[in-house]
Amino acid sequence: MIPSKPVRVRFAPSPTGFLHVGGLRTALYNYLFAKHHHGTFILRIEDTDQSRRVEGAVENLIASLDWAGVHYDEGPHKEASHGPYVQSQRLEIYRNHTEQLIERGQAYYCFCTPERLEQVRQKQIAMKVAPAYDRHCRDLPKLETSDRLKAGERHVVRMKVPFGGETTFDDIIRGHVTIAHKILDDQVLLKSDGFPTYHLAVVVDDHLMEITHVIRGEEWLSSTPKHILLYQYFGWEAPRYAHLPLLLNSDKTKLSKRQGDVAVEDYRSKGYLKEAIVNFVAFLGWNPGDERELFTMEELIKEFSLERVGKSGAVFNTEKLDWLNAQYLRKKSDHEISLMLKEELRNSMFSEKNYSDEYLENIVRAMRERVSFVKDFLEKSPYFFSAPKEYDPGVVKKRWNAEAGGRMKRLAEEFAQLQNTKKEDFEAALERTAEAMKINRGELIHPLRLAVSGTGAGPGLYDLLYIIGKDETIQRIMSATEQLK
Ligand code: GLU
């Protein structure tokens, strides 16, 4: 599909605290679509529900988008000709547009109290009909309306939905969608606090901001006919719509906090790389149509199309995310990873120590194929950062027999003679010792690993010795022979 007008799309979150992974997907798809078509990506803050306002939420949101590399062209802090981009700064615009609808008889004042609305609702529930406004104020005499307004009576403004007929539109993802007007409510457009509802603000802003494609979550599909009716009332052309499939937990229920993290910042603080998150989120509903799984942002921009977004729910599979993280971590150079490791160490129990860049790069080289996250370096190989304080009891039982202490001392003496301490030198020294003692090399290798690392598994033993160095190796052997007597 080649759009006829310059593409303008928007991500329009309500700032309720943090960026949900579903929100990141919506933002990402809008961004990819815009960049693919050399269009404009707008960030609009939909903060018309004042009761849900959270301090700092907007900055938080922008920080998460920035981190992920989803950069907007117009929006808060990037004012352009279509601003302001925060709905609470556009109240006048919504009020003017509401008045236009009222003048044309397409909207009306409603004075029903919350108590009355509740009674109506209860009655409808008892009669087993779907709760909806009973349109009590739809045809109030003009004079009565103006008197009540003059008297300052509390009111809202509602849109007049036609009694009969239906609205049909072509969704880029869902195809032909038809919704009968009889199931639509006379939607509130302007609330009693003077703020617009989402439905009014979204239509007015999408029009004034010249949005060409509305790409958003499936939960808004059923509201779209109301929006299209409003476009018709205003005499405007509606944008194209693309409703993205739901995000599901692995048990196919709607993705929720109860089954795991949903905030982008949670993933970030758990040490996920942005490349992995972006690649993962891109695949929540979209796929390239072949076997490829690894995509950089540039490749996504090149390949992305809404036609390749599926209708069915996208399952959030954290194993896949972990796998992607390992892939992206492995693509980084030893040096890049060592910088991340340095940062990780700074925030860890090993923060007071100072490790040289060379030391850290050596660790990265030895461990990089064994980790999926930077924090794994600390969790899987803490012995690079401090001598073992405990020894794995299972390994002790299996590998540390009555002779082990004596053998280790003998080995330490051999190591002490070493002039060169490359891994080959440690290896040769161990072989010499085994030969001299007429024992199998394994009789030295296993207790040695236990002595220097406290465990029975890890990177190559001689790499480990070379990295921690001769003195530290000897010291660890001596303290193991003491503690494991
Ligand atoms: N403010 C809505 C939300 O929070 C935006 C829906 C839309 O994109 O139209 O999801």
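All ligand and atom numbering here is 1-based and tracks the order in the structure.
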Inset, instruction - Using a strict 4.0 Å cut-off to heavy atoms of E46, name the atoms of ligand 1 that fall inside it. - result: 1 (N), 2 (C), 5 (C)
Inset, instruction - Check each atom of ligand 1 against the heavy atoms of V202 and keep those under 4.0 Å away; list them by number with element. - result: 9 (O)
Identify, for [atom], the protein heavy atom at the shortest distance, and state residue, atom and that distance.
| atom | answer |
| --- | --- |
| atom 4 (O) of ligand 1 | S14 OG, 3.2 Å |
| atom 5 (C) of ligand 1 | A12 O, 3.1 Å |
| atom 9 (O) of ligand 1 | Y198 OH, 2.6 Å |
| atom 8 (O) of ligand 1 | R10 NH1, 2.7 Å |
| atom 10 (O) of ligand 1 | W220 NE1, 3.4 Å |

Return the orientation label for the [X] and [Y] ring planes: parallel under 30°, perpendicular over 60°, tilted otherwise.
| X | Y | answer |
| --- | --- | --- |
| F18 | H20 | parallel |
| H199 | H227 | tilted |
| Y241 | F169 | perpendicular |
| F385 | F350 | tilted |

Inset, instruction - Select one of side chain, backbone, both or neither to describe which atoms of F11 lie under 4.0 Å from any atom of ligand 1, heavy atoms only. - result: neither
Inset, instruction - Ignoring hydrogens and angles, tell me if any N or O in the side chain of N325 forms a donor-acceptor pair with the backbone of A276 under 3.5 Å. - result: no
Legend entry - Side-chain donor/acceptor of R330 to backbone N/O of E369, under 3.5 Å: yes
Inset, instruction - Would you please determine whether E219 falls within less than 4.0 Å of ligand 1 on a heavy-atom basis? - result: no
Inset, instruction - Check Q122, E118, K123, Q124 against V120 for a side chain to side chain contact (heavy atoms under 4.5 Å, CB included) and give me the one that passes. - result: Q124
